Q: 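There's a structure below that I have some questions on.
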Amino acid sequence: MEYNFREVEKKWQQYWKENKTFKTENKSEKPKYYVLDMFPYPSGAGLHVGHPLGYIASDIFARYKRLKGFNVLHPMGYDSFGLPAEQYAIQTGQHPEITTKTNIARYREQLDKIGFSFDWDREVRTSNPDYYKWTQWIFIQLFNSWYNPETNKAENIDTLIWEFEHYGNLRHPIHIEGQPVFYPNKWKSFSEKEQSDILLNYRLAFLSDTMVNWCPQLGTVLANEEVKDGVSERGGYPVERKLMKQWSMRITAYADRLLKDLDGIDWTESIKEAQRNWIGKSEGTSLRFRLTPNPSPKERGTGPGYQTAKKKMWGSLKENSRANRKTQTEAEEILWEIVRDKKLGYKIRRQHSIDQFIADFVCLEEKLIIEVDGEIHEHQQEYDEGRTYILEDIGYRVIRFTNDSVKNNIDWVTKKIIKALQSSLKQQSTSHAGTPLLWRGEGGEAFIEVFTTRPDTIFGVSFVTLAPEHDLVSVVTTSENKKAVDEYVTTAKNRSERERQADVKKITGVFTGSYVEHPFTGKQVPIWVGDYVLAGYGTGAVMAVPMHDTRDFAFANHFGIPKQMVIQPPVDWDFALNSYDDKAGKLINSDFLNGLEVKEAIKKAIAVIEEKGIGKGKTNFRLRDAIFGRQRYWGEPIPVYYENGIPKVLNENELPLLLPEVDKYLPTETGEPPLARASSSWKKDGKYEYEYSTMPGWAGSSWYYLRYMDAHNDKTFVSKEAVDYWQNVDLYIGGAEHATGHLLYVRFWTKFLNDLGLIPVIEPAKKLINQGMIQGVSAFAYRVKDTNCFISKNRIDSFLSPEELSLTGLKIQQLVVTPIHVDVNIVNNNVLNIDAFRSWREEYKDAEFILEEGKYICGSEVEKMSKSKYNVVSPDLVVQQHGADCLRLYEMFLGPLELSKPWNTNGISGVSNFIRKLWRLYHNGDNLNVSDEPATKPELKALHKTIKKIIFDIENFSFNTSVSNFMICVNELTELKCNKREILEPLAIIIAPYAPHVAEELWNQLGHKDSITYATFPECKEEYLIESAFNYPVSFNGKTRFFQEYDLSLTKEDIEKEVMTLEQTQKYLEGKTPKKIIVVHNKIVNIVI
RNA sequence: GCCCAGUUGGCGGAAUUGGUAGACGCGCUGGUCUCAAACACCAGUGAGAAAUCGUGCCGGUUCGACUCCGGCACUGGGUACCA
């Protein structure tokens, strides 16, 4: 009887389940090995043949490691929160939990049929409260942590509060650029809300106003990597930019570590490269260009109309400032001694330029100006009023004291100043919101700061470009240009993300009318606005070097801006076509950089820039903080409630915060997320509102590998013992599509948990390999336009008979055909099953066909496997027809694991035959036929050769070649008519990882009571492989011409002599004397003529 | 544009440090078995009549290159005004 795979596979799947064969303990004498698969999202479509590819490979590896004596952790679970179930719920009203459960049941059934060795006792589901309780718990840890740049680690937020209490937020690495400064004594005086707002700037999980990718159709925000080409990855709906209050994760704090630690892990180069690009570290320098002259409010058209101040050029203003400092009044000297050196707890400057004025004293942080009116000012009442008005208009408060009160009542003056300082925190101007003061240096000068990676090209700068959203745009724009700039900025801001991406090549921009001063040449450099500059990267401003930067080049050409070459390009470089961007060549036209190579010039330029104090070396990352909230129902509730507008996290004992029931899975009428529909009692302590957004899909999957180690622990997310034992994943097999999403986030959370001392590892997986995609092969039938007549592929352009033509309803043969996707399951070798097609869909019931050679031939095309293309092949069907072992072997046999390939079953019969042939080795008819006689030398050689190859192949993840090697081995043993136990027992073991069902059955029939799972993988005994002779290929000038066998004991010299005596050698020599004879022992003989 | 992967018979693919190119399987051809078909088994199968030629194309290193180096083309994937 032939091998009955249906019976045997069912039997062993049952056996494994009943005996919990693959249950793994967290303690063992054996070394540990952790094999992890990609976390599946249980979709309604079920598994297709592409999904198990990686699972089969990892299962083979896991089973191999067990045979090699390892304690193997090989778990499976479900990433069961997510959009599709929710979309389905919106359409049908069915609770996503129900859909999810059904889908999981179907997945499980499909997985079981393939015979995977998962430890199902460790199954996790991210949507189970006992799982998401810990996802919420980790969120709370993130909320309670900040990233300390000094220790380069996440720490509890308390250490930051301590810092604030003792040092304020001034100290260099703690201070965040652009944040208002406060001093030690200040922290405690802030209100709870103020403190909360400040801390949110540091927390690793934080709430902020962020530009988000808003997808109106999906009704939610999307992460950057969920948006492809301006539309949502799921569904393909348009996405727009929108400012929203959002929860985010401060992944940027880990940018450098995420980048650096890539070097230490054995992941595929393509994934590492994708992550490196996504993180996008670029080293360069910040550089400030002095703004001069500074336009007056009147010039830029935003100031009050009655402006009385003389139009002052910056230069003279600066001189006034310096002169004033030397000629202080007595009162000013007295006050200076009181306020200088932060004596009042605030940094106060004197004779400092503000806008076009010079303030006597100013505290920039608190935006407080202190004026001491001397005799001069008494004559200028009107002037002072105007000046105060302007200063207040741009966000300053001005307090005035007379010379007399300073001289005679300094205590009263001091008290007034302190009071003013303390009460003026962050007082924002109203009419000028969005146009803060220019960044000003010690001398009071104003600047535009740019970021560049090419400071060497500083002498090639021909203009400076600001992003349309840049704060300084309105400040530097002159009144003549105001209209054009305003229009441009409005258009640029309103362009949707999609338009911007589609229009990348369209160059747009506008001149502001102002200039900055070149820091070295002093020349005037025009300031432009252009949307090729991104507000969110660097400083939102660039120095444009058109000769050496492609984008600047295009911009300059488009607007006719002059260009200056500063790097000597190769001789044949054509600047009419391209800029020369390479970081190679010598500097020219560049003053002190002349003659240097680019790399040296960069160093030198940075040094000089830093020395001049106009900028400093700086690193920028492309990586953005990850938006963490989704305005959706089917996700983990964020464990946050709001008390008087202050976000607060729940206590651990209040977890899990369960997902509440809602009447509809839609946003509320007021546009709030679905959770706002929860009953009015869904409130913290019955009064405080919970956060309404839920966590994104990647929350649960960012730590699932840890939960498998200790899946049922209700005390902690993973016990210390479990994680100390299992450490991290030894082998992860997954698709490359998660390179910049999941695989980056899971690394981030791992590092964070490590910082907190909760886990001992800094990376989730030591080794990662990608499985390729299995693509679908779609089939097409060609319908003649406006008819129900289908024409066979190769008849479209051929002559039709009158009868055939009449089917098309056309008078003359002028066919227009529409290709229609046909279900691949009713097409065999491109031949359409016409009856099946007619009954496939109602509309094709009466379809007519124009055939070729009696058949209807379909067209085919390789596409993504998807339901809508009717090209999905389910593994169930293959298992039903050929068996699970056959599916496993065939998927591996298709080709290298990491390569994408279309699915076709053309070769599956070869694998099916192989299994039968293997079975026949052990059987004679219906009976087991195994002999205990000792094996012969050729039999042992066949086996051990295979053992050696299989070990090599598995350890190199070359599963396709090991299947070939099994075939070779079985062919050889069949040839040898081998039925020796000594051979067949080890053979069953080495094949067990690949074809576990048939191996178990053979093992059992050989008389073993236990599962083959924990047998011992045989060792390769080299002595059986030793050959006494080798059949040398004899080649002439490297081309093999014939073979000659020589004993391996012969020396090179012997062989050389022997070869020369051969008749065939003489024939190929054609009477010439060889120049050289190369003999490589056990390899080749090459004769050079 | 940039980054990554790939390109070998009719097809999927093999070739471990440079050493017999095309293993293994499919398909195809012929044969055995059968009334016939399927299954199974046997033989052949890169091209060419042959000399020879052949691993995307051009060049190089080497006694010898699918393999190493330089340049180019094409296919697939990722990514993008990131300064």
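Here is the naming used below: chain letters follow the sequence lines, and residue numbers restart at 1 for every chain. A quick note: this is a predicted structure, and the numbers were derived from the prediction, not measured. The basis for the numbers below is simple: all heavy atoms, side chains too, and nothing from hydrogens, waters or symmetry mates.
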Q: I'd like the P distance from B/rA40 over to B/rC26, given in whole Å.
A: 9 Å
Q: Side chains of A/N620 and A/S282 only: does a donor on one sit below 3.5 Å from an acceptor on the other?
A: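 A/N620 vs A/S282: no donor-acceptor pair found between side chains.
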Q: Testing A/V1080, A/L1050, A/I1077 one by one against A/I1055 for a side chain to side chain contact (heavy atoms under 4.5 Å, CB included), which residue passes?
A: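 It is A/L1050, the one option of A/V1080, A/L1050, A/I1077 that forms the side chain to side chain contact (heavy atoms under 4.5 Å, CB included) with A/I1055.
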Q: Just to be sure I understand the rule, does A/N965 reach a base, reach only the sugar-phosphate, or reach nothing, if contact means heavy atoms closer than 4.0 Å?
A: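 It contacts nothing in the nucleic acid.
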Q: Could you note down all residue pairs passing salt bridge (Lys or Arg N to Asp or Glu O under 4.0 Å) where residues 893-917 of chain A supplies at least one of them, sequence neighbours left out?
A: A/E2-A/R916
Q: Determine, stepwise, if the pair A/Y994 / A/F966 fulfils ring-ring contact (aromatic ring centres under 6.0 Å, His included).
A: CA-CA 10 Å; A/Y994 291 80; A/F966 285 128; 5.1 Å; yes
Q: If you look at every strand shown and take non-hydrogen atoms under 4.0 Å, does A/N913 touch a base, only sugar-phosphate, or nothing?
A: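 It contacts sugar-phosphate atoms only.
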Q: RNA chain B: A/M967 or A/S1035, which has the more 5' nearest nucleotide?
A: A/S1035
Q: Between B/rU29 and B/rA14, how far apart are the two P atoms, rounded to whole Å?
A: 27 Å
Q: Is the centre of the A/W903 ring less than 6.0 Å from the centre of the A/Y890 ring?
A: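 Under 6.0 Å, so yes.
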Q: Measuring only the P atom in each nucleotide, how far is B/rA65 from B/rG54? A whole number of Å is fine.
A: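 Here B/rA65 and B/rG54 have their P atoms 11 Å from each other.
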Q: Using a heavy-atom cut-off of under 4.0 Å over every strand shown, decide if A/V542 touches base, sugar-phosphate, or nothing.
A: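 Contact class for A/V542: base.
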Q: Between A/N965 and A/T946, do the side chains contain a donor N or O and an acceptor N or O under 3.5 Å apart?
A: no
Q: If each of A/S270 and A/Q775 is mapped to the nucleotide of RNA chain B with the nearest heavy atom, which maps nearer the 5' terminus, i.e. the 5' end?
A: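 Whichever sits nearer the 5' end wins; that is A/S270.
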Q: Contact class for A/S909 vs. all strands (heavy atom < 4.0 Å): base, sugar-phosphate, or nothing?
A: sugar-phosphate
Q: Is a donor on one side and an acceptor on the other found under 3.5 Å between the side chain of A/D625 and the backbone of A/T252?
A: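 Confirmed, A/D625 side chain pairs with A/T252 backbone.
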Q: Reckon A/F914 touches a base, only the sugar-phosphate, or nothing at all at heavy-atom distances under 4.0 Å?
A: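 Since no nucleic acid heavy atom lies under 4.0 Å of A/F914, the category is nothing.
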Q: Please tabulate the protein-to-nucleotide N/O contacts below 3.5 Å involving nucleotides 42-44 of chain B, giving atom names and distances.
A:
none

Q: Could you list the protein-to-nucleotides 52-56 of chain B atom pairs, N/O on both sides, closer than 3.5 Å?
A:
none

Q: Provide a list of protein-nucleic acid N or O atom pairs under 3.5 angstrom, restricted to nucleotides 12-17 of chain B.
A:
{"from": "B/rG12", "atom 1": "O2'", "to": "A/L894", "atom 2": "O", "distance (Å)": "2.4"}
{"from": "B/rG13", "atom 1": "O3'", "to": "A/N960", "atom 2": "ND2", "distance (Å)": "3.3"}
{"from": "B/rA14", "atom 1": "OP1", "to": "A/N960", "atom 2": "ND2", "distance (Å)": "2.8"}
{"from": "B/rU16", "atom 1": "O4", "to": "A/K949", "atom 2": "NZ", "distance (Å)": "2.9"}

Q: I'd like to know if the side chain of A/N956 pairs up with that of A/S958 as donor and acceptor (distance under 3.5 Å, no hydrogens or angles considered).
A: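 No donor-acceptor contact under 3.5 Å links the two side chains.
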Q: Map every base of RNA chain B to its dot-bracket character, where paired means a Watson-Crick or G-U wobble contact with both distances under 3.5 Å and | marks a partner outside the strand.
A: (((((((..(((......[....)))((((((.......))))))((....))..(((((..]....))))))))))))....
Q: Would A/D953 and A/K948 pass as an ion pair if we require N to O under 4.0 Å?
A: no
Q: Before we go on, tell me: are the rings of A/F555 and A/Y532 under 6.0 Å apart, centre to centre?
A: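 Yes - the distance between ring centres of A/F555 and A/Y532 falls below the 6.0 Å cut-off.
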Q: Once you apply a heavy-atom cut-off of 4.0 Å, does A/N1086 come out as touching a base, just sugar-phosphate, or nothing?
A: base
Q: Please list all pairs meeting salt bridge (Lys or Arg N to Asp or Glu O under 4.0 Å) that have one or both residues in residues 956-977 of chain A, counting only residues at least two apart or in different chains.
A: A/K945-A/E972
Q: Without decimals, in angstroms, what is the distance between A/Y890 OH and B/rC26 P?
A: 11 Å
Q: What nucleic acid atoms does A/E273 come within less than 4.0 Å of, heavy atoms only: base, sugar-phosphate, or nothing?
A: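 It contacts sugar-phosphate atoms only.
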Q: Taking the chi torsion of B/rG6, is it syn (within 90° of 0) or anti (everything else)?
A: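 With its glycosidic angle more than 90° from zero, B/rG6 counts as anti.
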Q: Please measure how far the P atom in B/rU16 lies from the corresponding atom in B/rC63, and state the result in whole Å.
A: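 Nearest-Å result for B/rU16 against B/rC63 at atom P: 22 Å.
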Q: Determine whether the aromatic ring centres of A/H518 and A/F459 lie less than 6.0 Å apart.
A: yes
Q: If I take atom CG in residue A/N4 and atom P in nucleotide B/rC39, what distance separates them, rounded to the nearest angstrom?
A: 19 Å
Q: Between B/rC74 and B/rU62, how far apart are the two P atoms, rounded to whole Å?
A: 32 Å
Q: Are a donor atom and an acceptor atom from the side chains of A/N557 and A/K563 found within less than 3.5 Å of each other?
A: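 There is such a pair between these side chains.
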Q: Looking just at side-chain N and O atoms, do A/Y745 and A/T740 make a donor-acceptor pair shorter than 3.5 Å?
A: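 The criterion, which ignores hydrogens and geometry beyond distance, is not satisfied for A/T740 and A/Y745.
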Q: When you compare B/rU52 with B/rG77, how far apart are their C1' atoms, in angstrom units rounded to a whole number?
A: 41 Å
